[in-house]
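Just so it is clear, the model here is predicted, and its values are computed rather than measured. The analysis underlying the following values was restricted to heavy atoms, covering all of them including side chains, and did not include hydrogens, waters or symmetry mates.
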Amino acid sequence: MSGWTDRVTDRTQERRAELAGNLAAVEERIAAACAAAGRARDEVTLIVVTKTYPASDVRILSELGVREVAENRDQDAAPKAEACADLPLTWHFVGQLQTNKVRSVVRYADLVHSVDRLRLVDALSSAVMKSERADRELGCLLQVALDAESGAEGSRGGIAPDAVEGIAEAVAAAPGLRLDGLMTVAPLAGPYAGQPRAAFDRLAEIASCLRAAHPAANMVSAGMSADLEEAIAAGATHVRIGSAVLGVRTGLG
Ligand SMILES: *Cc1c(COP(=O)(O)O)cnc(C)c1O
């Protein structure tokens, strides 16, 4: 009679043990990287990227103490966030964002890490002001493309470093938006290909210029499963970790 439920429970227990083990290993890496860089552990926040994995995993992660999760595609994120609306989670949106998805994203996202054009700034601002969350600002990070030439867009989204100042001003002036900092993904092409530490050092320089004009914009979101140590050494305040916690993704994502 209870065989089916027992098997489901066994599988949940197994997955919980796996996620707990992976989280502990990532936590150890973060702690070691902070120690090596002479930084306090609480200077770095772990964001777990749950893309392609089900809401049931998000629930287990929440029970294991995770408070920050990230998604990169609205189609997957919107139903997942709704299924997890009872959990005490902060939702980060880290994927390339089309303006026709903005209205959906502002319903669940607390922060968007991938702000990379003025049209998107306008769309986010008006969506927040028209939504039920008009009293709750949306945190915005500008995504910097370190493989982009001046004025161009990066191959994985993002803006060239010399466009940061202008878009930062636009976010700072936009109703409903809060300028929180910068994000990058280590580039696969260009002068920083294969050199995550140099890329993250460059991001830190740009972040320091940004803080000179906008002191509260102090988030530096950099580092993924493969390069979190380099990011923490370079001063990242937030690391975005997917596969090292949830497992290697198959297919899209
Ligand atoms: C998928 C993703 C991550 C996490 O990558 P992993 O290599 O799985 O840790 C981080 N940032 C962004 C923008 C992503 O899309």
Exercise. Only one of Leu177, Asp116, Leu142 forms a side-chain contact (heavy atoms from CB on, under 4.5 Å) with Val121, so which one is it?
Worked result: Leu177
For this session: Give a yes or no answer on whether the side chain of Arg29 reaches the backbone of Ser225 with a donor-acceptor pair at less than 3.5 Å.
Result: yes
Seminar exercise, completed: CG (Leu111) and CZ (Arg178) are apart, to the nearest 0.5 Å, by 6.0 Å
Problem set entry | Which atom of Val245 lies closest to which atom of Asn22, heavy atoms considered | O-ND2, 2.7 Å
Problem set entry | Worked check of side-chain contact (heavy atoms from CB on, under 4.5 Å) between Ser56 and Thr12 | CA-CA 9 Å; Ser56 54; Thr12 306; over 6 Å; no
Exercise. Do Glu205 and Asp201 touch side chain to side chain, with heavy atoms closer than 4.5 Å?
Worked result: no
Exercise. Looking only at atom types and distance, does a side-chain atom of Tyr53 sit under 3.5 Å from a main-chain N or O of Gly247, one as donor and one as acceptor?
Worked result: yes
For this session: Verify the neighbour count for atom CD of Glu165: are there more than 12 heavy atoms of other residues, nucleotides or ligands below 6.0 Å?
Result: no
Exercise. Can you hop from Leu120 to Leu141 via hydrophobic side chains spaced under 4.5 Å?
Worked result: no
Exercise. What are the two closest non-hydrogen atoms of Ala172 and His214, and how far apart are they?
Worked result: CB-CE1, 3.8 Å
Problem set entry | Which atom of Arg103 lies closest to which atom of Ala127, heavy atoms considered | CA-CB, 4.3 Å
Please set out all donor-acceptor pairs under 3.5 angstrom arising from side-chain atoms of residues 215-224, sequence neighbours excluded.
residue: Ser221; atom: OG; partner: His113; partner atom: ND1; Å: 3.0
residue: Ser221; atom: OG; partner: Arg240; partner atom: NH1; Å: 2.8

Exercise. Transitively linked via ILVMFWY side-chain contacts under 4.5 Å: Val94 with Val69?
Worked result: no
Exercise. Between CD of Gln96 and NZ of Lys101, what distance do you get to the nearest 0.5 Å?
Worked result: 13.5 Å
Seminar exercise, completed: Of His238, Glu71, Glu68, the one forming a side-chain hydrogen bond (donor to acceptor under 3.5 Å, both in side chains) with His92 is Glu68
Exercise. Does the side-chain contact (heavy atoms from CB on, under 4.5 Å) test come out yes or no for Asn72 and Val49, once each step is laid out?
Worked result: CA-CA 8 Å; Asn72 74 333; Val49 183; 5.9 Å; no
Problem set entry | Whether over 12 other heavy atoms sit under 6.0 Å from Glu132 CD | no
Exercise. Do Val58 and Trp91 have side-chain heavy atoms sitting under 4.5 Å apart?
Worked result: yes
Seminar exercise, completed: When Arg16, Arg11, Arg15 are each screened for salt bridge (Lys or Arg N to Asp or Glu O under 4.0 Å) with Asp57, the one that passes is Arg15
Problem set entry | Residues Leu19, Leu246; criterion side-chain contact (heavy atoms from CB on, under 4.5 Å); working and verdict | CA-CA 6 Å; Leu19 292 178; Leu246 288 133; 4.1 Å; yes
Exercise. Around Glu82, counting heavy atoms of other residues, nucleotides and ligands shown, do more than 12 lie under 6.0 Å from its CD?
Worked result: no
Exercise. How many angstroms lie between atom CG of Leu138 and atom CG of Leu124, to the nearest 0.5 angstrom?
Worked result: 6.0 Å
Exercise. Are the side chains of Ser114 and Gln143 in touch, meaning some heavy atoms are under 4.5 Å apart?
Worked result: yes
Exercise. Could Arg59 and Asp86 be called an ion pair, given the rule that one side-chain N must be under 4.0 Å from one carboxylate O?
Worked result: yes
Exercise. Judged by atom type as modelled, is there a donor-acceptor pair below 3.5 Å linking the side chain of Arg39 to the main-chain atoms of Ala236?
Worked result: yes
Problem set entry | OG1 on Thr184 to CG on Leu146, rounded to 0.5 Å | 4.0 Å
Problem set entry | Which atom of Pro161 lies closest to which atom of Val144, heavy atoms considered | CG-CG1, 4.2 Å
Problem set entry | Met183 reachable from Val102 in the ILVMFWY side-chain graph, under 4.5 Å edges | no
Exercise. Linking I/L/V/M/F/W/Y whenever any side-chain heavy atoms sit under 4.5 Å apart, do Leu46 and Phe200 land together?
Worked result: no
Exercise. If you measure from SG on Cys209 to CG on Leu182, what distance do you get to the nearest 0.5 Å?
Worked result: 9.5 Å
For this session: List the steps, then state whether side-chain contact (heavy atoms from CB on, under 4.5 Å) holds for Tyr108 with Asp74.
Result: CA-CA 10 Å; Tyr108 57 87; Asp74 177 61; 2.7 Å; yes
Exercise. Out of curiosity, does Ile159 fall in the hydrophobic cluster containing Leu210 (side-chain heavy atoms, cut-off under 4.5 Å, transitive links)?
Worked result: yes
Exercise. Is Ile167 close to Leu118 at the side-chain level, that is, under 4.5 Å between some pair of heavy atoms?
Worked result: yes
Exercise. Do Arg202 and Gln195 come within less than 4.5 Å of each other through their side chains, counting heavy atoms only?
Worked result: no
Exercise. Excluding sequence neighbours, so at least two apart, what forms side chain to side chain donor-acceptor pair (under 3.5 Å) with Tyr192?
Worked result: none
Problem set entry | Closest non-hydrogen atom pair, Lys80 against Thr50 | NZ-O, 3.0 Å
Seminar exercise, completed: For Ala123 and Thr99 the tightest heavy-atom approach is CB-CG2, 3.9 Å
Problem set entry | side chain to side chain donor-acceptor pair (under 3.5 Å) partners of Glu137, counting only residues at least two apart | none
Exercise. Is there a donor-acceptor pair closer than 3.5 Å between any side-chain N or O of Arg249 and the backbone N or O of Lys51?
Worked result: no
